[in-house]
Amino acid sequence: MLKKVARISGGLVLVLSLAAFATGCKNKSDDISLPPDATTSANDGLNGNTDGLPVIDENTIFGDAGLKAIYFDYNSYTLRADAIDTLTQNAGMIRQVPGIVIQIEGHCDDRGTQEYNLALGEKRALAVREYLIKLGIAADHMITISYGEEMPAVQGTGEAVWAQNRRAKFNKAM
Amino acid sequence: MKKTIKFILGALVLIAGIADAQQAPVQITTTGGLDRRIKVAVPPFVAGPGMEAYSPMLAQVVANDLDFTGLFTIVPAGQFPPGFAGMPTEIAAIDFGAWRKTPAENLVHGIVRTEANVLVSECRLYDVPEGQQVIGKRLRAESQWVRLLAHQFADEAVRYQSGVAGVASSEIAFSGGQGKVKEIYVADYDAGKVTQVTKHGSISIKPKFSPDGRKIAYMSYKDRYPWIYIFDRQTGTSKVFSKKPGLNHAPAWTPDGTRLAYVLSKDGNTEIYIKSADGVGETRITNNKGGDTGPVFSSDGQQIAFVSDREGRPQVFVMNADGSNQHRITYQGGSSYDPAWSPDGRMIACIVEKDGEGLELWAMNADGSGARPLTQSVGSSESPTWSPDSRHLMFQSSRSGKPQLYTATIETGTVRMVGNLGHLVAEGPSWGPRRQ
């Protein structure tokens with residue numbers, strides 16, 4: 001797994017710097033009551049499919065059945081209740097693949113300005129990262145990247161489209 | 001990119017016999033409902049051998065440049081003297097008697113020819129009632145910069161009539177999109193000549209001209225992450241300016257070009273930092289729970305306008321360049337973004353998004369007073385940038401369906417599309433300095 005971290009070459013500097021940053025944040029998680037399933041499954045049953053559960057590995061975690069995107073309200077980087085549920089499930093999966101480095105991508109709809117949306121997308125990614133740290137995911141295993149309004153999931157206008165574009169999604173850090 | 005600055009600099013040479021060109025400028029205003037614009041006739045230039053193609057083109061560029069200022073109105077060819085068949089080569093042969101019977105108050109006489117493979121133009125502006133030359137310029141350029149001959153003459157004609165040179169010789173940088181790729185481009189202010197600057201095959205956006213026009217700072221994903229780069233037009237190469245973890249974004253030059261403000265998220269929030277253009281001495285300027293972004297310097301470099309959501313919705317704030325005295329200046333309701341500080345220091349333009357309405361271009365005094373909209377309910381406006389003379393704003397608007405560049409003239413409120421970018425999605429303009 002060490003190899004995997006090293007493979008991100010250019011990103012390695014990022015990861016190391018984030019690790020330094022993360023140590024300063026650890027105390028913050030003390031007063032958070034974690035959902036019960038968030039703390040139980042760490043590192044157990046890594047490759048076990050004896051219960052008919054799918055194998056969670058690097059391929060599945062970034063696949064269709066893997067980490068799910070979360071969605072935001074307009075002009076907001078506050079985590080909604082449905083986002084917190086999704087992040088809790090995501091954290092459970094992430095814990096089953098030790099050493100994996102996750103890229104959290106923040107996206108916006110195309111309202112607001114391009115300039116502001118790059119900052120807003122980063123704030124969304126940072127909010128996700130901070131919550132996953134609270135759920136016990138190592139800070140040095142997550143990097144954030146904002147795409148602002150540059151990479152919409154869905155083209156078009158109207159709330160139905162915008163709602164799908166205001167999101168944070170997960171990718172493998174390269 | 002060397003060629004972009006290789007045009008011959010011999011440029012503005014006063015033609016003998018026009019010493020009185022420096023007389024007191026005439027102030028032009030359009031107040032009081034009277035159209036006080038100067039009526040100017042710009043006939044095709046007199047063409048030397050092989051220069052015929054340039055003859056009408058140069059006249060058209062001069063006419064467009066003068067018309068753009070809002071200080072002149074162009075006399076149509078149909079109102080030229082009866083039987084007009086072109087300007088005489090000899091200026092002594094200009095028939096002012098015939099021109100006085102037309103509406104023209106000013107008349108342009110231009111000649112274009114080649115000398116040793118370099119284009120040379122002699123341009124004169126005449127006061128028609130007096131029958132007197134008021135400006136004379138001899139300009140030289142390589143043929144690829146032929147439009148600059150017209151732009152530089154137009155700027156001098158504007159200087160004569162208003163006291164401040166025009167901006168036709170300035171350049172703009174912008175992000176041009178085709179498919180999923182966005183590259184940085186440089187163009188004449190009117191998009192008459194467009195040059196692609198980057199070839200990253202990635203998303204490169206938000207170019208910012210250095211004050212001397214020689215460098216362009218921008219943000220790009222070319223190395224996967226959102227980092228800030230500086231493109232040197234002399235060497236034609238880009239160097240990384242900032243590649244901290246997370247977001248590196250929104251570079252803004254100090255007026256002396258020695259430092260840049262920019263946005264980083266490495267400390268867990270989007271905050272504003274400053275360091276020198278060669279990358280030394282990073283200092284954090286803002287520090288609060290809200291996100292701060294979009295810094296721009298005042299013309300004296302003493303203050304920074306920026307966007308912050310510390311009070312909820314994003315609003316424009318102003319602070320001293322050391323981060324002290326941070327205070328909000330926009331109270332239009334909804335959100336405000338994208339501040340741009342005028343080069344004369346007096347005004348700040350920004351984008352206002354009232355609840356349930358689109359993004360509109362506004363201008364206000366630098367203290368936030370006297371705010372007024374310059375666009376109304378036509379598509380979405382973003383990313384304003386001031387002309388060097390503080391008389392115009394350029395911005396992107398989606399009014400035609402996809403983002404394109406437009407100008408708004410402060411005094412008249414006139415909004416025009418910047419031409420000839422139809423094949424590109426054009427975003428995030430930066431208005432550079434005049435070319436000498």
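Everything numeric here is computed off the predicted structure, so don't read it as measured data.
Contacts between residues 152-160 of chain A and chain B, defined by a heavy-atom separation under 4.5 Å, are made by no residue at all. Residues of residues 103-114 of chain A placed with any heavy atom under 4.5 Å of a heavy atom in chain B are listed by number as Gln103(A), Arg111(A), Gly112(A), Thr113(A), Gln114(A). Contacts between residues 116-127 of chain A and chain B, defined by a heavy-atom separation under 4.5 Å, are made by Tyr116(A), Leu118(A), Ala119(A), Glu122(A), Lys123(A), Leu126(A).
The distance from atom OG of Ser381(B) to atom OH of Tyr337(B), rounded to the nearest 0.5 Å, is 13.0 Å. Annotation: the span from Ser380(B) atom OG to Gln396(B) atom CD amounts to 7.5 Å, rounded to 0.5 Å. Of the inter-residue distances, the one linking Ile94(A) atom CD1 with His141(A) atom NE2 reads 11.5 Å to the nearest 0.5 angstrom. Once rounded to the nearest 0.5 Å, the distance linking CG of Asp338(B) with CG of Leu361(B) reads 10.0 Å. Rounding to the nearest 0.5 angstrom, the gap separating the CG atom in Leu67(A) from the CG atom in Asn171(A) is 9.5 Å.
The shortest side-chain heavy-atom distance between Tyr218(B) and Glu183(B) does not fall under the 4.5 Å cut-off. Using a 4.5 Å heavy-atom threshold, the side chains of Asn248(B) and Tyr225(B) count as separate.
Counting heavy-atom pairs closer than 4.5 Å to chain A, the top-ranked of the candidates Ile203(B), Leu359(B), Leu247(B) is Leu247(B). For the set Asp292(B), Val263(B), Ile351(B), Asn269(B), the entry with the most heavy-atom pairs within less than 4.5 Å of chain A is Asn269(B).
Residues satisfying the ring pair (Phe, Tyr, Trp, His ring centres under 6.0 Å) criterion with Phe306(B), sequence neighbours excluded, are Phe317(B).
At a 4.5 Å heavy-atom cutoff, the contact between Arg313(B) and chain A is made by side-chain atoms alone. For Ser383(B), no part sits under 4.5 Å from any heavy atom of chain A, backbone or side chain. For Lys182(B), the part lying near chain A is the side chain, with the backbone staying farther off; criterion is any non-hydrogen pair under 4.5 Å. Both the backbone and the side chain of Tyr147(A) come within less than 4.5 Å of a heavy atom of chain B.
Closest heavy-atom contact between Val307(B) and Ser336(B): CG1-O, 3.9 Å.
Just one residue in the list Lys244(B), Arg310(B), Arg284(B) forms a salt bridge (charged side-chain N to carboxylate O under 4.0 Å, His left out) with Glu271(B), and that residue is Arg284(B).
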